[in-house]
Protein chains: 2
Amino acid sequence: MANIQQVASLAGVSVATVSRVVNGQITVSPKTRIKVEQAIKELNYEPSMLGRNLRTSESRILLVLIPTISNPFYLEIIRGIEDIAISQDYNILLCQTDTNPERENIYFNLVRKKMADGIISMDPAVNIETLVALSEHHAIIQCSEYTINSGIPFVSIDNEGASYRAVKHLIKLGHEKIALINTDEKYLYARQRQMGYQKALEEHGIPVDQGYIFHAQQIGLEYGQQAMKKILDMDEMPTAVFAVSDLLAIGALKEINSLGLKVPDDIALVGFDKIDFSNMTNPTLTTIAQPMYKMGTLAAKMLINKIKGERVESIILDHELVIRESTSG
Amino acid sequence: MANIQQVASLAGVSVATVSRVVNGQITVSPKTRIKVEQAIKELNYEPSMLGRNLRTSESRILLVLIPTISNPFYLEIIRGIEDIAISQDYNILLCQTDTNPERENIYFNLVRKKMADGIISMDPAVNIETLVALSEHHAIIQCSEYTINSGIPFVSIDNEGASYRAVKHLIKLGHEKIALINTDEKYLYARQRQMGYQKALEEHGIPVDQGYIFHAQQIGLEYGQQAMKKILDMDEMPTAVFAVSDLLAIGALKEINSLGLKVPDDIALVGFDKIDFSNMTNPTLTTIAQPMYKMGTLAAKMLINKIKGERVESIILDHELVIRESTSG
DNA sequence: CATGTAAATGTAATCGATTACATTTACGGG
DNA sequence: CCCGTAAATGTAATCGATTACATTTACATG
């Protein structure tokens, strides 16, 4: 493993010249450029990023904080981030916090220790105080889950509006007893989606029954199942269920199916995110589509601009209601 | 952002002493240790990994190569890798090649340029020549998909045996017309699983009909659907299907369901990997369980040992047949 | 041919740590 | 009080690049 010195001496030039060749600068004569390139080839030289990184004091690594990769919702976002990152010579460190503050802290430390140049946080459970404090000296963007007035730029969708549309769709189909499978209301998206749910009901003169609102501990198939188990145990069962995540909806669907009930005849079902599996279930799932790839690319661009020191504005993207079998015989 | 110099001068000691305090070495008197710690706190000092990494010429980053994170099969493996990595102060760079040689090369370059200390490759489509060449100077482990006699240590399962058991299970249930949804035979696991399939058939005197063997271009829900579409178009439809991946099986199931056929009555179905969703389908999927988390932890441990320069032996782990509704009314 | 200017190349400081080796300090025993 | 040894601390080289600034070279012009 040769270093720049050895290349320089083999080529009979200074390290500066080698560096200039490597970095493709113009001020090198063709003759020396060739000499240097030969030496590089001969020694199999690859510039060490460790040296370069120290000198330029950047790591060219972006940290992406997600609660867990088990939720396919993040897949396309990550793909978007990755595509932009790679095109700009960055790499991404994908960090699952698993809602574990210790893990989170390990990852925050990577930024503090300059092992990463910035953070895209998608973790709803992130410690927002720490994140804001970090954002004073480091480039940080929130994606999907965000915080109002934190000063941290974000890219997300109109959760309340999306939720409103989903529930309105159910109401138009004639449903009045509509349950909500939400997650913990400490998360902004959970509050916003619940707001949309309530707004739709109220607008149509349907009273909001707190007994119809369920809170899953987390997003996950099994939590959807659990919630649906409770719903199916109710005296006055709802005729429709809106889950704030496809994973919850798919878990719920599993529970409905295994009791022999029919979707949508016995119970209609709407999810959120349009993950790939939502089209594989039987019946297929009506859901809200988010522009996930786009969101990822934007988040990455915003972060890179922020790293460059530019001002960055937050963005709200459009969503879409995708009507499938679970709400339409 | 203070550096070690500033801490040293504020504490009135040399940088060496600060470094010793930071790295928790014994040869520092309690008095100076306290002085230094105060200075560190006062200046909000965080040691830069860039400096350290250059000096120790390691990046403490492990590169994990996977074809795509869309396949939940990798989730638990990644979790295993991550847990070990973090416990040993490493971080992982998760790299999706998307079967794109260009991407792959970008990632290989990270190792060449010392941005990563080693590679765990799980990509069946990896360029094995390049990987072997790299392994001469860099620590590399293969996980799940491997290469015989390449000199690269691996951790995997007995694909042929697992496949054999799955198909034998179908035969015992009385099936004789059993189709195989495989992937491209250029992958070792595909060949091994096909071998197991053939072995089971032959052992029971069932002739292997090449018309029953289908090749999906890739692993993915839609490819499973496509393959099943062809199968359902056959004159002499099989009574059972074994897919070499749960994703393929779930796609296939979707196709069967939407034609109104019943699993397992009309067609029995077996998948491979036991991903979470395989228990959410209707009916639930009989499948082969791989010890994915374990595989991940082992791969990580092997890689770290390899980085340390130790000799590392390959490992074959046990698998398990999980019988569920898709093969048993 | 001297000279000025631009192009090409070189010198050496620098990024921020670690660490071998050197030096100083502390302290117990004679 | 001196000395030897161990403990504590310091000095300075080093990792491998980048780059400001200095120097050399090339070449056109009068």
Side-chain angles (χ1 to χ4, degrees), chain A residues 1-40 43-61 89 109-117 137, chain B residues 1-40 43-61 89 109-117 137:
Chain A
M1 302 291 103
N3 62 21
I4 199 172
Q5 303 284 350
Q6 300 171 317
V7 174
S9 74
L10 177 60
V13 299
S14 72
V15 293
T17 301
V18 176
S19 177
R20 284 190 269 255
V21 170
V22 167
N23 293 291
Q25 303 195 335
I26 19 126
T27 60
V28 179
S29 75
K31 230 189 316 172
T32 37
R33 159 161 287 128
I34 289 171
K35 268 193 309 181
V36 171
E37 280 166 351
Q38 278 177 343
I40 288 176
L43 293 177
N44 230 308
Y45 167 70
E46 295 275 355
S48 158
M49 297 200 64
L50 299 177
R52 169 182 308 180
N53 288 350
L54 172 59
R55 186 52 226 255
T56 59
S57 49
E58 57 178 13
S59 62
R60 301 213 75 86
I61 284 181
D89 252 320
N109 270 334
L110 291 179
V111 174
R112 297 196 184 101
K113 295 184 180 175
K114 302 204 195 280
M115 193 67 229
D117 295 342
H137 293 292
Chain B
M1 301 293 106
N3 63 20
I4 199 171
Q5 303 284 351
Q6 299 170 318
V7 174
S9 74
L10 176 60
V13 299
S14 72
V15 293
T17 301
V18 176
S19 177
R20 284 190 271 256
V21 170
V22 167
N23 293 290
Q25 303 195 334
I26 20 128
T27 61
V28 178
S29 76
K31 230 189 316 174
T32 35
R33 158 161 288 128
I34 288 172
K35 268 194 308 183
V36 171
E37 280 166 352
Q38 278 177 343
I40 287 177
L43 294 177
N44 231 309
Y45 167 70
E46 294 275 355
S48 157
M49 298 199 66
L50 300 177
R52 170 181 308 179
N53 287 351
L54 172 58
R55 184 53 225 253
T56 59
S57 51
E58 57 178 13
S59 62
R60 301 213 73 86
I61 284 182
D89 252 319
N109 269 334
L110 292 179
V111 174
R112 297 196 184 102
K113 295 185 180 174
K114 300 202 195 282
M115 193 66 228
D117 295 343
H137 293 291

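The figures here come from the full heavy-atom set of this structure, side chains too, leaving out hydrogens, waters and symmetry mates. Chain naming here is simple, since letters A, B, ... match the order of the sequence lines and numbering starts at 1 in each.
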- [ ] Find the distance A:I4:CD1 to D:dC15:P and express it as a whole number of Å.
- [x] 14 Å
Which atom pairs, donor and acceptor, lie under 3.5 Å between side-chain atoms of residues 6-17 of chain A and protein residues at least two apart or in another chain?
unit_1 : atom_1 : unit_2 : atom_2 : d
A:Q6   : OE1    : A:N3   : N      : 2.9
A:S9   : OG     : A:Q6   : O      : 3.3
A:S14  : OG     : A:A16  : N      : 3.4
A:S14  : OG     : A:T17  : N      : 3.4
A:S14  : OG     : A:T17  : OG1    : 3.4

Please tabulate, one pair per line, all N/O donor-acceptor pairs under 3.5 Å involving side-chain atoms of residues 43-54 of chain A, not counting sequence neighbours.
unit_1 : atom_1 : unit_2 : atom_2 : d
A:S48  : OG     : A:L50  : N      : 3.0
A:S48  : OG     : A:G51  : N      : 3.4
A:N53  : ND2    : A:M49  : O      : 3.1

Task: Qualifying salt bridge (Lys or Arg N to Asp or Glu O under 4.0 Å) pairs, either residue in residues 21-35 of chain A, two or more places apart - done: none
- [ ] Name the nucleic acid region contacted by B:L50, choosing base, sugar-phosphate or nothing; use a 4.0 angstrom heavy-atom cut-off, strictly under.
- [x] nothing
Task: Axis deviation across the helix from C:dC1-D:dG30 to C:dG30-D:dC1, five-pair ends, to the nearest 10° - done: 60°
TODO: Nearest whole angstrom, please: distance from the C1' of C:dA17 to the CD of B:E58.
DONE: 12 Å
Open item on the list: Taking the nucleotide of DNA chain D with the nearest heavy atom to each, does B:S57 or A:S19 sit closer to the 5' end?
Closed with: B:S57
TODO: Could you check how far CD of A:Q6 sits from P of D:dG16, rounded to whole Å?
DONE: 8 Å
- [ ] Quick one: do A:I61 and B:I61 satisfy side chain to side chain contact (heavy atoms under 4.5 Å, CB included)? Show the steps, please.
- [x] CA-CA 11 Å; A:I61 284 181; B:I61 284 182; 3.5 Å; yes
Task: Counterpart residues, side-chain hydrogen bond (donor to acceptor under 3.5 Å, both in side chains), relative to A:R112 (two or more places apart) - done: A:N109
Task: A:E58: salt bridge (Lys or Arg N to Asp or Glu O under 4.0 Å) partners, not counting sequence neighbours - done: A:R60
- [ ] May I have the distance from B:L54 (atom CG) to C:dA17 (atom P), rounded to whole angstrom?
- [x] 12 Å
Task: Length of the line joining B:R52:CZ and C:dC15:C1', which is rounded to integer Å - done: 16 Å
TODO: Would you please name every residue forming a side-chain hydrogen bond (donor to acceptor under 3.5 Å, both in side chains) with A:S29, sequence neighbours left out?
DONE: A:T32
- [ ] Return the value, rounded to whole Å, for the distance between atom CD of A:Q25 and atom P of D:dA20.
- [x] 10 Å
Task: Atom-to-atom span, CE of A:M115 to P of C:dG16 - whole angstrom - done: 15 Å
Open item on the list: Using the side chain to side chain contact (heavy atoms under 4.5 Å, CB included) criterion, which residues pair with A:Q25? Sequence neighbours excluded.
Closed with: A:R20, A:N23
TODO: Measure the distance from NZ on B:K114 to P on D:dC15 and round it to the nearest whole Å.
DONE: 12 Å
Task: Base-contact (B) and sugar-phosphate-only (S) positions in nucleotides 7-13 of chain D, heavy-atom cut-off under 4.0 Å, - elsewhere - done: -SBBBBB
- [ ] Indicate, with a heavy-atom threshold strictly under 4.0 Å, whether B:N53 touches base, sugar-phosphate, or nothing.
- [x] nothing
